[in-house]
Amino acid sequence: MVSIKLPDGAVRTFDQPPTVTEVAMSIGPGLAKAALAGRVNGRLVDTSHRIESDVELAIVTDKDADGLEVIRHSTAHLLAFAVKSLFPEAQVTIGPVIDNGFYYDFSFKRPFTPEDLAAIEKKMAELAKQDLPVQREVWSRDKAVAFFKSIGEFYKAELIAAIPAGEDVSLYREGEFVDLCRGPHVPSTGRLKVFKLMKVAGAYWRGDSANEMLQRIYGTAWAKKEDQESYLHMLEEAEKRDHRRLGTQLDLFHIQDEAPGMVFWHPRGWAVWQQIEQYMRRIYRDNGYQEVRCPQILDRSLWERSGHWENYRDNMFTTASENRDYAVKPMNCPGHVQIFNKGLRSYRDLPLRYGEFGSCHRNEPSGSLHGIMRIRGFTQDDGHVFCTEDQILDECVAFTEVLQRVYKHFGFDQVIYKVATRPAKRVGADALWDKAEQALFESLRRSGCDYEVSPGDGAFYGPKIEYSLKDAIGRVWQCGTIQVDFNMPQRLGAEYVGEDNARHVPVMLHRAVLGSMERFIGILLENHAGALPTWLAPVQAVVLNISEHQAEYAQQVALNLQKSGFRVESDLRNEKITYKIREHSLQKLPYQIVIGDKEKAANLVAVRARGGEDLGQMSSDAFVEMLQRDCALAVSGHTA
RNA sequence: GCCGGGUUAGCUCAGUCGGUAGAGCAGCUGAUUUGUAAUCAGAAGGUCGGGGGUUCGAUUCCUCUACCCGGCACCA
């Protein structure tokens, strides 16, 4: 007698242990047909799973998030099946589910081409149509290793060999194809209807760059065709808001071959930058930071003392002069310590906070460069707080508050918090790590933030909080950070005189809100699809005359607006008004002012807002007030 | 750095199975003086990323190299 409790609370009893399918069937044939898997006491199982004892069971269908996972996982297997049937020499490795889809890594003697991908996708559709049953088998580990070796699947054999001896492993068989897998899987290949192969790319075996490179085929899979279509549509939209494309279209910046990973900022792009920098400068000032500026190039000996020369030599740009070696700074902290060290500090000076818009250069691997998101020459809104151990907590709480406020001002309401704890390779006593980690955890609790922990992801000198924001289309970007450092102050000889009249080494907190200015601007552009809020827009309004008769008046209007402190241009070209409006609309300007004879006669301006909204006629002063309100509201964080 | 794919006019992109290239938009010149997302016409614009090779001939084929794109690895 087995009794099974369903999600609605109903309990069904069975004389014989039933399978998930049988339970579903007892509820209704429609459900049995829709069942993809079962969830037994929270654990996912195949529909063929036999339930031997009293449990809670949910039938998983494609309406269930878990059901979609199963579909994607099974589609990855279908991909491997198709590849093996078209290219028997290819070896299979792993094929997990990822956001929106799955991938599968293969070892194959030649690269897969786009034509191969099309053929594989076609084969997958055929195999799905055959509706082959997907059956689970349990083998002993050693038998499985021997089997996979015998069929030339050496990667698979290696994976299984890593499983503890004596443990059984599960294999799934569909048609000719057998794969090691934890499961669960859909009951038959016919359940896989909506999928598409997306791209092929290289990926290291076991994620280690010392290993050989495999070929990874990415795919997407969905329960419903409409879901896939809307996903593909979303990708297209994301492509349209690519910051590199917008950078060109809006004439903000460019990058060229002679300076890989370094940005040429055009006037409009630099206007955006300056808005952000000036804003952050106020944030420094209002939160007890003093702005400083350090040299770009520092002698090698300093980098040796800081440890960078040893750890990051290959990633630093170096130069030499008169028998001395120098490095272009990859970080601002050693410079800030030099300022701290210039003079005898008292415990009464702490916490001492320095901020800098520090231009740094890191020789990033060529393959990692990406638009202005990952570059070699970047600028951090970088600050360092010198404090005592007892001050860490308060400083972290204060920093989190500032960061939340800033993100909100920029239009980001969702922040994700992670604490990265001690890595295996680290410096400093464990007692210090305990204290630092606890301070970070406690600070987030005090700030009322839910957080995740990334074990082992801290820097070698200390743990950190990583702050990520979520953008308008749901992508997550890590921007801010605060890191506790017990190490560098000591290495660079930072000291203060304590209450006890003895010398002590201060703790240093490394912190950034935006991270890299370049990257943050890239994120802003993608978030707003180039239509930056008025306070950030490089050009806030353009004044357009309808014909030459109003040119002088239009110019006067533009001049007045400029004098009121706004970034305003005039477009007096002899073109049709529709032509000008179209051009400036494509440039995504917040406002366009149309000046015709009527406006000129009445000493008014006609305002058109972004998106085509006609705000009607108003006086120039009223428009100035509108702009002021627009910017003030944005900066106080009440609206976007 | 690794695997794969790219690089053609200012921008977006065609094209040449090897015979020194084409469109739209922008820019220039002229006409048009215009009321809320493209007025018309004309002329002009390219060492087809760079080096080397094969060839009677290379933008096209081969090779090296730089950079870009997609992943992977890395990210103090």
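Proteins come first, then strands; the chains are lettered A, B, ... in the order of their sequence lines, and each starts at number 1.
Contact check, H370(A) against G70(B): a side-chain N or O comes under 4.0 Å of OP1 or OP2. When the side-chain nitrogen and oxygen atoms of S209(A) are compared with OP1 and OP2 of G1(B), none of them lie within a distance under 4.0 Å. Listed pair T578(A) / U39(B) meets the phosphate criterion, a side-chain N or O lying under 4.0 Å from OP1 or OP2. Look at R610(A) and you won't find any side-chain N or O under 4.0 angstrom from OP1 or OP2 of A37(B). An OP1 or OP2 oxygen of C3(B) is reached within less than 4.0 angstrom by no side-chain nitrogen or oxygen of R216(A). OP1 and OP2 of G35(B) both lie 4.0 Å or more from every side-chain N or O belonging to R608(A). Dashed line: the shortest gap from a side-chain N or O of Y579(A) to OP1 or OP2 of A26(B) is under 4.0 Å.
Using a 4.0 Å heavy-atom distance criterion, F460(A) is classed as making no nucleic acid contact. Note on P260(A): only backbone sugar-phosphate atoms sit closer than 4.0 angstrom, heavy atoms only; bases stay farther off. G371(A) comes within contact range of the sugar-phosphate backbone alone, with a heavy-atom separation under 4.0 Å but no base atom that close. In this structure, K199(A) reaches the sugar-phosphate backbone alone: every heavy-atom distance under 4.0 Å involves primed, P, OP1 or OP2 atoms, never a base. In this structure, E599(A) reaches the bases: a heavy-atom distance under 4.0 Å links it to at least one base atom across the strands shown. Contacts of Y461(A) with the nucleic acid, taken as non-hydrogen atoms under 4.0 Å apart, involve only primed sugar atoms and P, OP1 or OP2. Residue contacts shown for H510(A) are absent, as no nucleic acid heavy atom lies under 4.0 Å away. Residue M213(A) is classed as a base contact, given a heavy-atom separation below 4.0 Å to a base. Within the nucleic acid shown, I577(A) comes within 4.0 Å of sugar-phosphate atoms alone, with no base atom in reach, counting heavy atoms only. Note on R362(A): a base of the nucleic acid sits closer than 4.0 angstrom, heavy atoms only. Residue K598(A) is in base contact, counting any heavy-atom pair closer than 4.0 Å across all strands shown. A203(A) comes within 4.0 angstrom of sugar-phosphate atoms only, judged by non-hydrogen atoms across all strands, and of no base. Across all strands shown, P111(A) has heavy atoms under 4.0 Å from sugar-phosphate atoms exclusively, and none from any base. At a threshold of 4.0 angstrom between heavy atoms, the contacts of A606(A) include nucleobase atoms, whether or not backbone atoms are also involved.
One atom, CG of L369(A), and another, P of G71(B), lie 14 Å apart when rounded to the nearest Å. Residue L246(A) contributes atom CG, which lies 12 Å from atom P of U12(B) at whole-angstrom precision. With rounding to whole Å, D571(A) atom CG is found 14 Å from U36(B) atom C1'. The distance from atom CD of Q256(A) to atom P of C11(B) is 11 Å, rounded to the nearest whole Å. Atom CG of N211(A) and atom P of C3(B) are 14 Å apart (whole Å). Taking atom CZ of R245(A) as the reference point, atom P of C68(B) lies 19 Å away to the nearest angstrom. One can place CD of E583(A) at 14 Å from P of A37(B), the figure rounded to the nearest angstrom. Rounded to an integer number of Å, the gap from CZ of R376(A) to C1' of A66(B) is 12 Å.
Between the C1' atoms of G46(B) and G53(B), the separation comes to 25 Å (whole Å). Comparing the same atom, P, in C3(B) and in C64(B) gives a spacing of 12 Å after rounding to whole Å. Spacing between U55(B) and G70(B) at atom C1', rounded to whole Å, works out to 36 Å. Comparing the same atom, P, in C2(B) and in A44(B) gives a spacing of 47 Å after rounding to whole Å. C72(B) and C13(B) have their C1' atoms separated by 30 Å, with the value rounded to a whole Å.
Side chain R244(A) to base C69(B): no donor-acceptor pair is found below 3.5 Å. Not a single donor-acceptor contact under 3.5 angstrom links the side-chain atoms of Y204(A) to the base of G71(B).
Remark: F264(A) pairs with H254(A) by the ring pair (Phe, Tyr, Trp, His ring centres under 6.0 Å) rule, at least two apart or across chains. With sequence neighbours left out, D299(A) forms a side-chain contact (heavy atoms from CB on, under 4.5 Å) with S301(A), R324(A), Y326(A).
Nearest to the side chain of S547(A), among A76(B), C11(B), U33(B), sits U33(B). Candidate nucleotides U33(B), G70(B), U36(B) were compared by shortest atom distance to the side chain of H549(A), and U33(B) ranks first. The side chain of A459(A) sits closest to A76(B) out of G71(B), A76(B), A37(B). Among the nucleotides C11(B), A73(B), A76(B), the one closest to any side-chain atom of H308(A) is A76(B).
In this structure, the aromatic ring of Y312(A) is positioned over the six-membered ring of the base of A76(B), centres within 5.5 Å and planes within 30°.
Taking the six-membered ring for Trp and the full ring otherwise, F340(A) and H384(A) have centroids separated by 6.0 Å or more.
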Secondary-structure string, 5' to 3', Watson-Crick or G-U under 3.5 Å, | for another-strand partners, for RNA chain B: (((((((..((((.....[..))))..((((.......))))......(((((..]....))))))))))))....
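Each of Q483(A) and S366(A) was assigned the nucleotide of RNA chain B with the nearest heavy atom; the assignment lying further toward the 5' end belongs to S366(A). In terms of position along RNA chain B, the nucleotide closest to A259(A) lies nearer the 5' end than the nucleotide closest to the other residue of the pair E364(A) and A259(A).
Ionic pairing of R573(A) and D571(A) is present here: one or more N-O contacts between side-chain nitrogen and carboxylate oxygen are shorter than 4.0 angstrom. In summary, R353(A) and E395(A) engage in a salt bridge, as defined by a charged side-chain N under 4.0 Å from a carboxylate O. Between K464(A) and E466(A) a salt bridge is recorded (basic side-chain N to carboxylate O distance below 4.0 Å).
Across every non-hydrogen atom of P538(A) and L532(A), the tightest pair is CD-CD1, 4.1 Å. What you find for A90(A) and K84(A) is that their closest heavy atoms are O-NZ, 2.7 Å.
A distance-only check finds a donor-acceptor pair linking the side chain of W303(A) to the backbone of L298(A) [under 3.5 Å]. Of the possible polar contacts, one joining the Q540(A) side chain to the R567(A) backbone as a donor-acceptor pair under 3.5 Å is found.
Between the side chains of E599(A) and Q617(A), at least one donor-acceptor pair of N or O atoms lies under 3.5 Å.
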